[in-house]
Engineer: 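Have a look at this one before I ask anything.
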Amino acid sequence: MSTQYPTSPAPHVASSNHVARVMQLVLIALAPAGLAKVWFFGSGWLVHLIVATAIGLAIEALALHLRKVPLRPHMTDLSVIVTAALFTLPLPPLLPWWAAGTGMAFAIAITKHSYGGLGFNLFNPAMAGYALLLIAFPVEMSHWTAPDASLGSLVDTLATIFTGALPAQQHWDAITMATPFDAMKSGLQSGAMMEEIVRGPAFDTLSGKGWQWISIGALIGGIWLSRVGVIRWHIPIAMLTTIALLAIATNADDPGANGGILFHLLNGGTMLGAFFIATDPVSAATSTPGRLIYGAGIGFLTFVIRKWGNYPDGVAFAVLLMNLCAPLIDRYTVPRIYGHRLRQPAP
Amino acid sequence: MTLAAGKWGGLTLRTIATGSATQIAMAVEVSRYILLLRQHPNGSARALVTVGEQVNVGQPIAEPADDLSTWMHSPVSGLVIAIELHAHPYFPDAPQPAIVIDNDGLATRDASCHPLPDYQMQSPQVARDKILRGGICGLGGAMFPTAAKIDASASASCRTLLLNGAECEPYICCDDALLRNRANDVVLGAQIILHAAQASNCVIAVERDKTDALKALQVAIAARNDERISVRAVDAFYPAGGECQLIAQLFGMEVPTQQVPSDIGILCHNVGTAAAIARLFEHGEPLISRVVTITGSAVGEPRNLEVKLGTPIRALVKSGDKAIERSIDRLIMGGAMMGTTLPSADIPIIKGTNCVIAATTQELPQRPAEMPCIRCGDCAEVCPSSLLPQQLYWYTRADDRTALERFGLADCIECGCCDYVCPSHLRLASRFHAAKQAPLARP
């Protein structure tokens, strides 16, 4: 006779937030940077995004199946698309599809699922995939089209990405150009001063041509992302402040051999890395002081790799190195718990 | 999106419109009352009556048998028809002994119920004994025996009495109604506790947005012209009414871990407890009823009712409207954040019941399936104890007792804020609760 009501543990209410919504907001925030990349470097990013998403989802499904995890909630959490977007944004616009696919496959199969899937990865999957390409395919990864190159139609872009061959009458030398970092490296090696280098074709009024707008797009998206509460300011601000201080210090020390603050902040992966990569909560440090240390560490390593390393940019490697340190940072930055280590006057 | 409030985390939760719940109405009398001997989950009283015995209103029917049980009194006059196992809110799978009394409707008052208006002439010990024999316990929900708490605070020579009127759970408004309508009782109760505990001053804390309650208290204090008692408005957030959170907000002090407020000189009681003490001293009425918020969209407008202990919840959620009654999908005793779901409406009101929510599925839907933790850290942002729930989560998975201790599992107040904000819908509060109960794996 008695009606039975379902029982469940408290709390009985919850906010409407969920993982897919977080991912969705990240994707929206990436739009300005993505549009800037398409505007300056052509539709290649969109092709890469589709290829990486397709391969990523296929591997995700296979990995979930092998791990005997229910497919539906994980396939619809949008995390693969976020990884694909972050992984493909820094890729050269005409990179062959198999290279993009290899990086994405590595990101999802090895970096993500072999560590236990969403939430369990030690390294940021997008950066691990990107770093693999930098090491494995240095030639393909250096074919950066010039920001103002005439790239032809979407069909030409598709043909180049899928066949590896440029359309007839096109030559890599004609449409590619040194990235701002490459221009600086080779310029300095040939004895040029920084002041001359930044007047070169790879540069615009603020910083690298095209790159400055991708960076500003990432900055705008990132600020919005922190306003909607998906990321907190500590990691980006710590990273950007560290890079800015090092840029100011080295530039003041020797302006001829060092890029200035805008050169470093609005070039390469600085802004994307600060707001979208370093803030990946899974692989970052988690407490407030921990996040400040973690962000500053990424900024420092990025700068060191840029200045003294062989690779043009350092964000990916800096992130991966700090991913390694995150558990250690977490261990030593536990916030003071209520009622612990008190220093209060007697009542 | 929920907002973190202030230094100690917390949530700003949508409060449910109180509507007609500003008044306190009398609940309907029922023909049969069920008095669970186990009121506090870890304390059981011993029955003093036998089946077939006639009892009067306020007659002692059970005595404390351990540190956490209290005296119990018959809420009505009538016949003890059974002492049998009955469904219990905290033990859905294990029925507990209860005294069942059939109401004769005569409301014959027991001769043992006598007031103590001249308590100030008596020693504090006399007042404490009166509170003990009156069956008073923490009406905020914890049901800790009040007399024992006052004893402990007197021996710790607490100077400050803190009456907690900060009711932060979104559905509950019984203390608000109590303060609006019976501020005099609360202030008299404060004076009695000050005497019984030999404390020197009393702060009554109420959330800033409860202006009517604040006003009523000020009027009541002015009427008694007692300079020892003051009212303080506090920030309205969840869990502002947590003892430790309230002390931090009011006094800038923290209760040291593993200690209680009396260790830092503060004696905490709920405003409802103070009002119950006032009725005991003024009218000789032991704790046989309390104010309960009856709410949830399956009962229509929320109400605050003076309910006799032992009233089956079925009698309270009955609105006469069959269509509404049939729509109850979930029944909760307590608040939406920390309350207990009830499997059956036969479960009776106990001393700690401040609220009954009869909810529809639309109102309180079942939580979605858990996803993996993405370590977003929202939980740490809202934790009022400054814990890192995302780390505790990992350590409960690994059952790493050393790390759990280091990361302060014992300091978790199980408020559920982390659970509420978790985008992966992890059942963090119940996970931490279970981890706390588990015996230490290693010595």
Side-chain angles (χ1 to χ4, degrees), chain A residues 1-23 69-70 72-74 77 79 116-120 228-232 234 279-288 290-291 326 330-331 333-342 344-347, chain B residues 1-2 8 92 159-160 170 244 248 253-257 259 264-266 328-332 336-346 364 366-369 371-378 380 384-388 390-391 406-408 411 416 419-421 423-425 427 429-430 433:
Chain A
M1 68 152 247
S2 171
T3 325
Q4 284 292 304
Y5 302 109
T7 57
S8 57
H12 311 292
V13 280
S15 72
S16 56
N17 200 14
H18 52 100
V19 172
R21 179 181 167 273
V22 171
M23 299 293 173
V69 175
R72 195 191 172 89
H74 289 85
D77 67 13
S79 64
L118 180 71
F120 290 80
V228 295
V230 170
I231 61 170
R232 282 169 248 295
H234 308 87
T279 51
D280 163 21
V282 173
S283 54
T286 198
S287 68
T288 298
R291 285 176 178 149
D330 281 344
R331 196 180 159 79
T333 54
V334 181
R336 190 181 70 81
I337 299 167
Y338 179 103
H340 283 244
R341 305 200 305 268
L342 284 176
Q344 66 188 3
Chain B
M1 194 65 188
T2 48
W8 293 111
R159 308 308 307 153
T160 302
C244 294
M253 290 167 72
E254 292 174 31
V255 181
T257 180
Q259 292 188 31
I264 56 168
I266 299 166
I328 300 178
D329 296 315
R330 294 229 284 165
L331 210 48
I332 295 164
M337 290 299 289
M338 291 185 78
T340 311
T341 47
L342 302 179
S344 143
D346 295 331
L364 296 180
Q366 294 283 339
R367 308 271 309 272
M371 290 282 287
C373 170
I374 54 169
R375 286 171 40 100
C376 66
D378 285 356
S385 301
S386 302
L387 301 172
L388 295 173
Q390 70 273 46
Q391 300 294 86
R406 205 175 97 81
F407 281 82
D411 297 286
D419 221 304
Y420 181 92
V421 298
S424 298
H425 313 294
R427 314 298 196 259
S430 56
H433 175 79

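Convention: sequence-line order gives letters A, B, ...; per-chain numbering from 1.
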Engineer: Under a 4.5 Å heavy-atom cut-off, does chain B meet the side chain of A/Ala284, its backbone, both or neither?
Structural biologist: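 Contact with chain B is through the backbone of A/Ala284 alone.
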
Engineer: So what's closer than 4.5 Å to chain A heavy atoms on B/Leu342: side chain, backbone, both or neither?
Structural biologist: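 Just its backbone gets close to chain A.
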
Engineer: Could you tell me the separation between the CG atom of B/Leu388 and the CD1 atom of A/Ile337, rounded to the nearest 0.5 Å?
Structural biologist: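 B/Leu388 CG to A/Ile337 CD1: 7.5 Å, rounded to 0.5 Å.
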
Engineer: Picking from A/Pro281, A/Ser8, A/Pro9, which has the most non-hydrogen pairs under 4.5 angstrom with chain B?
Structural biologist: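 The candidate making the most pairs under 4.5 Å is A/Pro281.
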
Engineer: So do A/Arg21 and B/Pro423 actually touch side chain to side chain, heavy atoms under 4.5 Å?
Structural biologist: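 SC-SC contact between B/Pro423 and A/Arg21 ruled out.
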
Engineer: Output the distance between atom CG (A/Asn17) and atom OG (B/Ser424), rounded to the nearest 0.5 Å.
Structural biologist: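 Reported to 0.5 Å precision, the distance equals 9.0 Å.
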
Engineer: Tell me, for B/Cys373 versus chain A, whether the close heavy atoms (under 4.5 Å) come from the side chain, the backbone, both or neither.
Structural biologist: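 For B/Cys373, the backbone is the part near chain A, not the side chain.
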
Engineer: Counting only non-hydrogen atoms closer than 4.5 Å, does B/Gln259 touch chain A with its backbone (N, CA, C, O), its side chain (CB onward), both, or neither?
Structural biologist: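 B/Gln259 has no heavy atom closer than 4.5 Å to chain A.
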
Engineer: Of the backbone (N, CA, C, O) and the side chain (C-beta and beyond), which part of A/Arg232 lies under 4.5 Å from a heavy atom of chain B, both, or neither?
Structural biologist: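 The side chain, not the backbone.
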
Engineer: Side chain, backbone, both or neither: which part of B/Ala380 has a non-hydrogen atom closer than 4.5 Å to chain A?
Structural biologist: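 Contact with chain A involves no heavy atom of B/Ala380 at all.
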
Engineer: Side chain, backbone, both or neither: which part of B/Arg406 has an atom under 4.5 Å from a heavy atom of chain A?
Structural biologist: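 Both backbone and side chain.
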
Engineer: Please report the interatomic distance CE(B/Met371) to CG(A/Asp77), rounded to the nearest 0.5 Å.
Structural biologist: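 With rounding to 0.5 Å, CE (B/Met371) is 4.5 Å from CG (A/Asp77).
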
Engineer: At a heavy-atom distance under 4.5 Å, which candidate from B/Ala429, B/Ala369, B/Ala336, B/Gly416 has the highest pair count against chain A?
Structural biologist: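 Among the listed options, the one with the most contacts to chain A is B/Ala336.
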
Engineer: Quick check on B/Thr160 against chain A: is it the side chain, the backbone, both or neither that has a heavy atom closer than 4.5 Å?
Structural biologist: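 Contact with chain A: none, neither part.
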
Engineer: Taking the side chain as C-beta and beyond, is there a heavy-atom pair between A/Tyr338 and B/Asp411 under 4.5 Å?
Structural biologist: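 No. Closest side-chain heavy atoms not under 4.5 Å.
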
Engineer: Just give me the residue among A/Arg341, A/His74, A/His18 that pairs up with chain B most often, heavy atom to heavy atom, under 4.5 Å.
Structural biologist: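 It is A/His18.
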
Engineer: Between atom OG of A/Ser79 and atom CD1 of B/Ile374, what is the distance when rounded to the nearest 0.5 Å?
Structural biologist: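 Nearest 0.5 Å value for the OG-CD1 distance: 9.0 Å.
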
Engineer: Please examine the side chains of A/Tyr5 and B/Thr341, heavy atoms only from C-beta on, and report whether any two atoms are closer than 4.5 Å.
Structural biologist: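 Of all side-chain heavy-atom pairs linking A/Tyr5 with B/Thr341, none is under 4.5 Å.
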
Engineer: Within the structure provided, determine whether B/Pro372 and A/Phe120 are in side-chain contact (heavy-atom separation under 4.5 Å).
Structural biologist: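 Sidechains of A/Phe120 and B/Pro372: in contact.
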
Engineer: Under 4.5 Å from any heavy atom of chain B, what part of A/Val282 do you find: side chain, backbone, both or neither?
Structural biologist: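 It is both, since atoms from each part get that close.
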
Engineer: Could you state the interatomic distance from CD1 (B/Ile332) to NE2 (A/His12), rounded to the nearest 0.5 Å?
Structural biologist: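 Rounded to the nearest 0.5 Å, the CD1-NE2 separation comes out at 4.5 Å.
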
Engineer: Would you say that A/Pro6 contacts B/Arg330 through its side chain, given a criterion of any heavy-atom pair below 4.5 Å between the two side chains?
Structural biologist: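 When only atoms from C-beta onward are counted, B/Arg330 and A/Pro6 do touch, with a gap below 4.5 Å.
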
Engineer: Determine the sole option in B/Met338, B/Met337, B/Arg427 for which the side chain to side chain contact (heavy atoms under 4.5 Å, CB included) test with A/Pro11 is passed.
Structural biologist: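 Among the candidates, only B/Met337 passes.
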
Engineer: Let me know which of B/Arg375, B/Gln391, B/Gln390 forms a side chain to side chain donor-acceptor pair (under 3.5 Å) with A/Thr286.
Structural biologist: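 Answer after filtering B/Arg375, B/Gln391, B/Gln390: B/Gln390.
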
Engineer: Which of the residues B/Gly377, B/Gly408, B/Cys244, B/Pro92 is involved in the greatest number of heavy-atom pairs with chain A at under 4.5 angstrom?
Structural biologist: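 Of the candidates given, the most pairs with chain A belong to B/Cys244.
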
